[in-house]
Amino acid sequence: FEVYLSHNEKTQKSSRNRYLYAELLFQRNKLRKASLNYEKVALVIKNKKIAHDSRYAAILSLDKSVKPEAKGKPAKWSDDDEKDFTRLVNVYVKFHPKGKFRLGVEFKKALIAYEKENYDLAAPIFMRLGKVYSRRAKGLKSQDLFLDILNIKKDYKQLTTYSKSLIRGRKLN
């Protein structure tokens, strides 16, 4: 596969073959290499479904490649991995603004920033997800994490305002 693909970079047929190659790499747990190949497919392929699936698979492969330091602990993201993940998510959102995985990938992007204590990046994402997806589990979790960020930053005025808006927005039975 690698030899063939190295000589046939830009054709649609080679892009479909590269997609198959990336699938094979993913199945063999060569996740970083799979992510790179999925990304290459997404840049060239004209088939919208394969382009969507490639963009998402590139994100998923990179996410799975980052291993936790200990069992039961969250994965430790390096700065380079975080930048790559953020870039892949931004590309996915740009090309698929209503993509079915948008909530999940944006939530993960914000969660990584939150875990690395980059609250300025995480806060606006959590706030938007909490507003747009207020009836879904990740939307509710986004609201909680946004409140936590406000508490960490000791922004009690915005914390009170946001809390009141959440209470008003929910119908109490």
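Side chains included, hydrogens not; waters and symmetry mates left out as well; all remaining heavy atoms used.
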Following the transitive rule for hydrophobic clusters with a side-chain heavy-atom cut-off under 4.5 Å over Ile, Leu, Val, Met, Phe, Trp and Tyr, establish whether [X] and [Y] coincide in one cluster.
| X | Y | value |
| --- | --- | --- |
| Val66 | Val89 | yes |
| Val132 | Phe101 | no |
| Phe95 | Leu43 | no |
| Tyr56 | Ile112 | yes |
| Ile50 | Tyr21 | no |

Show your reasoning for whether side chain to side chain contact (heavy atoms under 4.5 Å, CB included) applies to Glu82 and Thr86.
CA-CA 6 Å; Glu82 181 186 14; Thr86 299; 4.2 Å; yes
Provide the closest heavy-atom pair for [X] versus [Y] in the form atom of the first, atom of the second, distance.
| X | Y | answer |
| --- | --- | --- |
| Leu88 | Ala58 | CD1-O, 3.8 Å |
| Phe85 | Leu62 | N-CD2, 3.5 Å |
| Asn37 | Ala22 | CB-CB, 3.8 Å |
| Ala42 | Ala51 | CB-O, 4.1 Å |
| Ala113 | Leu121 | CB-CD2, 3.7 Å |

With a 4.5 Å limit on heavy-atom distance, are the side chains of [X] and [Y] in contact?
| X | Y | value |
| --- | --- | --- |
| Leu103 | Leu129 | yes |
| Tyr156 | Asn151 | yes |
| Lys67 | Leu31 | yes |
| Tyr92 | Ile59 | yes |

My understanding is that only residues two or more places apart in sequence, or in another chain, count here; which of them pass salt bridge (charged side-chain N to carboxylate O under 4.0 Å, His left out) with Glu106?
Arg102, Arg128
Of all residues at least two apart in sequence or in a different chain, which pass the ring-ring contact (aromatic ring centres under 6.0 Å, His included) check with Phe146?
Tyr162
Lys141 atom NZ, neighbour heavy-atom count above 12 within 6.0 Å
no
Roughly how far, to the nearest 0.5 Å, is the [atom2] atom of [Y] from the [atom1] atom of [X]?
| X | Y | atom1 | atom2 | answer |
| --- | --- | --- | --- | --- |
| Leu147 | Gln158 | CG | CD | 10.0 Å |
| Ser15 | Lys40 | OG | NZ | 11.0 Å |
| Leu24 | Leu20 | CG | CG | 9.0 Å |
| Leu36 | Asp84 | CG | CG | 8.0 Å |
| Ser54 | Tyr38 | OG | OH | 7.5 Å |
| Asp155 | Leu150 | CG | CG | 5.5 Å |

Please work out whether the ring planes of His96 and His52 are parallel, tilted or perpendicular, with thresholds of 30° and 60°.
perpendicular
Electrostatic pair [X]-[Y], nearest N-O below 4.0 angstrom:
| X | Y | answer |
| --- | --- | --- |
| Arg87 | Glu39 | yes |
| Asp81 | Arg32 | yes |
| Lys83 | Asp79 | no |
| Asp144 | Lys138 | no |

Contact list for residues 106-145, test ring-ring contact (aromatic ring centres under 6.0 Å, His included), sequence neighbours left out
Phe107-Phe126, Tyr114-Tyr119
With side chain to side chain contact (heavy atoms under 4.5 Å, CB included) as the criterion, how do Asn47 and Arg16 come out once you've worked through the C-alpha distance, each side chain's angles and the decisive distance to 0.1 Å?
CA-CA 9 Å; Asn47 181 301; Arg16 289 177 190 271; 3.8 Å; yes
Where do Gln143 and Asp148 land on the side chain to side chain contact (heavy atoms under 4.5 Å, CB included) test, with the steps shown first?
CA-CA 9 Å; Gln143 292 171 354; Asp148 190 46; over 6 Å; no
Go through the steps to decide whether Phe26 and Lys33 satisfy the test side chain to side chain contact (heavy atoms under 4.5 Å, CB included), and finish with yes or no.
CA-CA 8 Å; Phe26 186 86; Lys33 204 169 185 180; over 6 Å; no
Can you tell me if Lys109 and Asn90 form a side-chain donor-acceptor pair at under 3.5 Å?
yes
